[in-house]
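Every heavy atom of this structure was used, including side-chain atoms; hydrogens, water molecules and symmetry mates were not. Throughout, protein chains are lettered first and strands after them, A, B, ... in sequence-line order, and every chain is numbered starting at 1. These numbers come from a predicted model, not from an experiment.
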Protein chains: 2
Amino acid sequence: MTEEGTHRRPGRWRSGAESKQRILDTARDLFGRHGYGGTTVRAVATAAGVDPAMVFYFFGTKQGLFAAAIEMSASTPPAIESIFTDGLDGIGERVIRTLLDNLDNSERTPLVMLTRSAPTDNQSETLLREFIDREITDRLAALLDTPDAALRAGMVNVQILGLAVARYIVRIEPIASASVEELVTRFGPLVQQCLTGQVGDHAR
Amino acid sequence: MTEEGTHRRPGRWRSGAESKQRILDTARDLFGRHGYGGTTVRAVATAAGVDPAMVFYFFGTKQGLFAAAIEMSASTPPAIESIFTDGLDGIGERVIRTLLDNLDNSERTPLVMLTRSAPTDNQSETLLREFIDREITDRLAALLDTPDAALRAGMVNVQILGLAVARYIVRIEPIASASVEELVTRFGPLVQQCLTGQVGDHAR
DNA sequence: GTCTATAATTAGATAGAC
DNA sequence: GTCTATCTAATTATAGAC
């Protein structure tokens with residue numbers, strides 16, 4: 001018998017990396033479906049098939065777990081990047097299509113997790129605000145050259161948040177079960193107008 | 001001395017009606033600011049200056065308190081009624097102005113309380129869905145005569161939810177601190193277009 | 001009606017054996 | 001790394017005295 005106890009040969013990853021990953025996956029799932037306040041560490045542990053103590057072993061606190069869960073795999077998904085790099089032309093459709101494509105596949109996305117958590121958790125509220133500012137507002141505003149750039153970007157945020165809440169959280173019909181194409185057709189031009197359209201008059 | 005104990009003369013409302021009202025007011029305030037899950041019965045009791053047991057005495061359960069809190073004073077506020085009774089002309093502005101006027105004054109409105117609670121509480125999610133269907137979708141759809149009436153009404157719901165979340169819950173700038181007039185100017189036409197505007201093409 | 005217990009449950013977190 | 005056992009604190013809710 002060779003003394004394998006010390007050698008740490010990777011015949012199969014001894015240890016935690018696997019459990020840690022399973023916990024993380026499960027956490028994303030539950031945080032995405034029930035928000036921070038609606039998810040318990042115990043529930044995550046049970047669903048992941050490990051002991052609650054392991055969760056704390058790996059992530060320290062519930063907040064630590066949440067922070068790890070919302071951390072994006074590769075800082076920014078390539079799809080999101082291409083929304084902004086292709087200029088203003090047709091950006092409305094790209095915003096909506098990218099949003100829906102991402103969220104339809106899994107609700108374990110930072111946007112949904114944070115949107116579900118913010119209303120009852122102050123820390124999540126701050127995180128969501130920062131997330132939106134960094135990932136959306138700043139990039140949109142950078143494309144615009146008008147004095148009301150921030151406000152226009154803000155209007156797009158309203159579309160994004162409204163769509164996320166209506167389709168994935170409150171599940172209001174017929175928004176919840178409309179096809180991606182239908183929503184792109186409807187909301188794409190709306191977003192485009194927020195960014196490049198005219199404003200009526202400025203009311204005194 | 002006349003035996004006042006039994007007579008119940010209204011020199012000043014003996015008892016509970018006053019406490020009950022204070023509890024209800026406080027509950028609306030806290031539910032509106034922290035949602036169902038983020039609000040404890042004890043917090044409500046303390047803020048209202050009464051004992052936690054009183055809350056249960058009057059409302060039975062926490063859910064009972066919440067139900068009482070979201071119940072509107074006079075079934076439907078007159079302002080909301082007039083949005084729909086004045087026809088489609090200029091309805092976009094009326095929707096936005098009424099929404100903001102109501103929510104700016106106090107967040108103790110059913111819409112905010114429910115929107116804050118729905119993400120982490122399934123029962124609130126259902127209540128919010130029903131509330132929106134009854135108070136907004138149905139009334140809007142009734143005004144429209146097109147085959148896509150429901151979808152158009154849904155688009156307005158997205159505007160309302162997005163605005164509520166961006167301005168009052170996540171507090172995204174510059175939406176959060178924009179003036180009512182500014183937002184009416186910006187979102188009024190957008191809502192109008194959702195309802196009465198043209199749709200590009202129907203994309204196969 | 002109002003308050004003082006207090007029961008029953010649950011959640012986040014830690015210590016320590018294996 | 002993993003689990004058992006446990007601590008602490010907070011919450012909903014009830015029983016009963018005043």
Side-chain angles (χ1 to χ4, degrees), chain A residues 3-27 30-31 33-69 117 120-124, chain B residues 3-27 30-31 33-69 117 120-124:
Chain A
E3 70 285 25
E4 293 191 3
T6 3
H7 270 70
R8 192 139 309 242
R9 204 145 23 105
R12 193 185 194 293
W13 302 349
R14 285 257 177 289
S15 96
E18 188 192 328
S19 297
K20 186 170 179 176
Q21 192 56 45
R22 278 222 316 284
I23 292 171
L24 213 43
D25 283 344
T26 312
L30 293 187
F31 282 137
R33 286 193 293 145
H34 306 122
Y36 182 80
T39 302
T40 68
V41 172
R42 296 172 113 89
V44 172
T46 303
V50 302
D51 192 273
M54 279 207 65
V55 178
F56 292 105
Y57 172 75
F58 282 119
F59 301 97
T61 67
K62 185 184 176 181
Q63 278 289 343
L65 175 63
F66 188 70
S117 305
T120 45
D121 182 57
N122 280 331
Q123 196 158 347
S124 300
Chain B
E3 69 286 23
E4 293 191 6
T6 3
H7 270 70
R8 193 140 308 245
R9 206 149 16 108
R12 195 186 194 290
W13 302 349
R14 285 259 177 289
S15 94
E18 188 192 327
S19 297
K20 187 170 178 177
Q21 192 55 46
R22 277 222 316 284
I23 292 171
L24 211 45
D25 282 344
T26 312
L30 294 187
F31 281 138
R33 286 193 293 146
H34 307 122
Y36 181 80
T39 302
T40 68
V41 172
R42 293 171 110 87
V44 172
T46 302
V50 303
D51 192 273
M54 277 206 67
V55 179
F56 293 105
Y57 172 74
F58 283 120
F59 301 96
T61 68
K62 185 182 175 181
Q63 277 288 344
L65 175 62
F66 187 69
S117 305
T120 44
D121 183 57
N122 280 331
Q123 195 157 348
S124 300

When you measure from the centre of the six-membered ring of B/Phe59, is the NZ or CZ of B/Lys20 closer than 6.0 Å and no more than 45° off the axis? yes

Whole angstrom is fine here: how far is it from CD in A/Gln21 over to P in D/dG1? 15 Å

Per atom distances to the A/Arg42 side chain, the nearest of C/dA13, D/dT11, D/dG1 is C/dA13

Round to the nearest Å and state the distance from A/Tyr36 atom OH to C/dA11 atom P. 13 Å

Write down the distance between CZ (B/Phe56) and C1' (C/dG1), rounded to a whole number of angstrom. 17 Å

Rounded to whole Å, please give me the gap between NZ in A/Lys62 and C1' in C/dT10. 12 Å

Counting only side-chain heavy atoms from C-beta out, which of C/dG1, C/dA13, D/dC3 sits nearest to A/Thr61? C/dA13

Angle class for the B/Tyr36/B/Phe66 ring planes (parallel below 30°, perpendicular above 60°, tilted otherwise)? perpendicular

Closest of D/dT12, C/dG12, D/dC3 to the A/Met54 side chain is D/dC3

Starting the side chain at C-beta, find the nucleotide from D/dC3, C/dC3, C/dG12 nearest to A/Val50. D/dC3

Closest to the side chain of A/Tyr57, out of C/dA11, C/dG1, D/dT2, is D/dT2

What is the separation between atom CG on A/Asp51 and atom P on C/dA15, rounded to the nearest whole Å? 16 Å

Step through the shown structure and confirm whether more than 12 heavy atoms of other residues, nucleotides or ligands are within 6.0 Å of CD on B/Gln123. no

Separation of C/dG1 P from B/Ile23 CD1 (nearest whole Å): 12 Å

Please determine whether a side-chain nitrogen or oxygen atom of A/Ser19 lies at a distance below 4.0 Å from atom OP1 or OP2 of D/dT2. yes

Is any side-chain heavy atom of A/Thr40 less than 4.5 Å from a side-chain heavy atom of A/Leu30? no

Out of D/dT4, D/dT2, D/dT14, which has the shortest distance to the side chain of B/Ala53? D/dT14

